[in-house]
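Notes to accompany the following structure.
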Amino acid sequence: MKITDFALIFMAVTLPMIIIVYVNVSFTIKSQELEMYYQKIIDVSMEDAVYEMKEVENSDKEIDYGYSGTSNKKININAQVGVDTFFKTLYKNLDIDGNEAAESYLQLFVPAVAIIDYNGVQVSSNQEFQKINEDGTEETMTKHVLSPKRYYTYTYSIVRDGFKYTFVDGIPEDRTIVSVHTIEFTMDDYITHRGYNYYTNRDIETNSFYLDDSKNNRELTAGAVSLEEAKLRSDLVSHLLDIRKSIIVDTVTEELNQAVNSNNRYARNAGITYTFSFPATSEEEMYNAIENVGMIAFVQGISIGNKYLNSKAFGISSLEQTTRYYFTAPNEKSKYQMNLYHKDLNCPEYRISKINDMVPKYATSKQQAASAVTRGTLNNVKQVFEGFYPCPLCNP
């Protein structure tokens, strides 16, 4: 056999392999380019949405949420504006703005958009509704609808075993329940508390306070006897501080999971064969996402070359810098002979009256500062300081 014959055989065997490899590499490169293109569009849409949904309200001196910032402003999130802006930017960048059919179809590839607020989460997901056409006939349509806010809620019970009191998750059926409590967490240690006291057969008044605010957190252990209550309350506060973030993450994850799973039915009805599922997300990503108000969006199932887009986008809008109100107690040099809290560390009264070992040194709201109980050394004596007033000089 001639050498040219071997060459022809070699080419006949290897050429198809070269073509296949070339095609696969081309598809891979193309899919990577498309993925980067779509991801950029999604990220830009997220940035626009987070910027637009954050509203800053005027100063409210009656309510200080503790994250008001040095300008004494509070933040409000308009979830619907966030969702609408996210989709509007998507439509514009994909050049389908105004094409109602294309917009509706694209929404099916966005199984969930979560708006993470200070005290709860709202999820926008696809839902069916009936549209009345001009001829009077009904048509089933699908579009994104924003759900009511789900608060970061946790329920526990104070139970009694003989003469011992403790707390347990939920409402047990086989224990002697003293009281039942529901906590609504926020992104800091500020909570809303309500419950029912079985010893007094009355509802526990709904109240909002910081977890370690000893003047307002007594109802956390309602029904427990006084000899054990203080230690029990201290342990409970530590427990609540430990689980706060996990409760928020679990709440957000549950809402997103439900939205993504339900999207499969609507997608199948529209002829989409892709199976939507909660994308791989690390625990660190979820914990970072709840540090501040923001958004999470999943975009999945769009064909990009030889694979499908499976994107998640996080958008965070930082809360304003937390206000700190610093404590002082009067000494012989102080102009004002009363316990004060200050917003300015350069305040002359603060510089004269500050106590270096004061614990805690500051509070993060005016309400918390006024009711704080602190400890420190004054005139070489360890003392407890209770009841603080706004400094007349720096006027917090």
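This chain uses plain numbering: 1 for the first residue, then up along the sequence.
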If the threshold is 4.0 Å, N to carboxylate O, is there a salt bridge linking [X] and [Y]?
| X | Y | answer |
| --- | --- | --- |
| Arg194 | Asp203 | no |
| Lys143 | Glu128 | no |
| Arg202 | Glu219 | yes |
| Arg244 | Asp188 | no |
| Glu349 | Lys335 | no |

Which heavy-atom pair separates [X] from [Y] by the least distance, and what is that distance?
| X | Y | value |
| --- | --- | --- |
| Ser277 | Gln300 | O-NE2, 2.7 Å |
| Ala49 | Met295 | CB-SD, 3.5 Å |
| Ile296 | Met46 | C-CE, 4.1 Å |

Just wondering, are more than 12 heavy atoms of other shown residues or ligands nearer than 6.0 Å to [atom1] in [X]?
| X | atom1 | answer |
| --- | --- | --- |
| Asn201 | CG | yes |
| Tyr199 | OH | yes |
| Lys231 | NZ | no |
| Phe129 | CZ | yes |
| Lys92 | NZ | no |
| Glu229 | CD | yes |
| Gln337 | CD | yes |
| Arg150 | CZ | yes |

Flag yes if Val44 and Phe109 sit in one hydrophobic cluster, no otherwise; membership is Ile, Leu, Val, Met, Phe, Trp, Tyr, and two members link when side-chain heavy atoms are under 4.5 Å apart.
no
Are the side chain of [X] and the backbone N or O of [Y] linked by a donor-acceptor pair below 3.5 Å?
| X | Y | result |
| --- | --- | --- |
| Asp161 | Lys164 | no |
| Arg175 | Ile177 | no |
| Ser104 | Ala101 | no |
| Glu52 | Thr85 | no |
| Thr142 | Asn126 | no |
| Asn99 | Ala102 | yes |
| Tyr152 | Gly120 | yes |
| Gln383 | Leu378 | yes |
| Thr186 | Ile191 | no |
| Ser246 | Ile243 | yes |

List the steps, then state whether side-chain contact (heavy atoms from CB on, under 4.5 Å) holds for Tyr38 with Val299.
CA-CA 9 Å; Tyr38 281 119; Val299 183; over 6 Å; no
Would you call the rings of Tyr156 and Tyr154 parallel, tilted or perpendicular if under 30° counts as parallel and over 60° as perpendicular?
parallel
May I ask you to check whether [Y] and [X] place their ring centres under 6.0 Å from each other?
| X | Y | value |
| --- | --- | --- |
| Phe298 | Phe278 | yes |
| Phe167 | His239 | yes |
| Tyr341 | Phe327 | no |
| Tyr326 | Tyr362 | yes |

Mind running side chain to side chain donor-acceptor pair (under 3.5 Å) on Arg233 and Asn217 for me, showing each step along the way?
CA-CA 8 Å; Arg233 179 153 45 103; Asn217 67 7; 2.7 Å; yes
Any chance the side chains of Tyr190 and Glu184 put a donor and an acceptor closer than 3.5 Å?
no
Applying side-chain contact (heavy atoms from CB on, under 4.5 Å), run through Tyr287 and Lys245 and close with a yes or a no.
CA-CA 7 Å; Tyr287 273 85; Lys245 283 190 175 182; 3.4 Å; yes
Distance from [X] atom [atom1] to [Y] atom [atom2], nearest 0.5 Å?
| X | Y | atom1 | atom2 | answer |
| --- | --- | --- | --- | --- |
| Tyr308 | Tyr274 | OH | OH | 9.0 Å |
| His342 | Cys347 | NE2 | SG | 5.5 Å |
| Asp250 | Thr153 | CG | OG1 | 12.5 Å |
| Thr221 | His181 | OG1 | NE2 | 7.0 Å |
| Asn93 | Asp97 | CG | CG | 10.0 Å |
| Thr377 | Asp357 | OG1 | CG | 3.5 Å |

Can you check ring-ring contact (aromatic ring centres under 6.0 Å, His included) on Phe87 and His144, steps first, answer last?
CA-CA 10 Å; Phe87 279 109; His144 259 255; 4.7 Å; yes
Carefully, step by step, assess Ser238 and Asp235 under the rule side chain to side chain donor-acceptor pair (under 3.5 Å).
CA-CA 5 Å; Ser238 296; Asp235 292 343; 5.7 Å; no
For the pair Asn207 and His193, evaluate side-chain contact (heavy atoms from CB on, under 4.5 Å) and give the outcome as yes or no after the intermediate values.
CA-CA 5 Å; Asn207 195 12; His193 170 259; 5.5 Å; no
Would Thr374 and Phe388 count as a side-chain contact (heavy atoms from CB on, under 4.5 Å) if you check the C-alpha gap in whole Å, the side-chain angles of each, and the deciding distance to 0.1 Å?
CA-CA 10 Å; Thr374 68; Phe388 291 83; 3.4 Å; yes
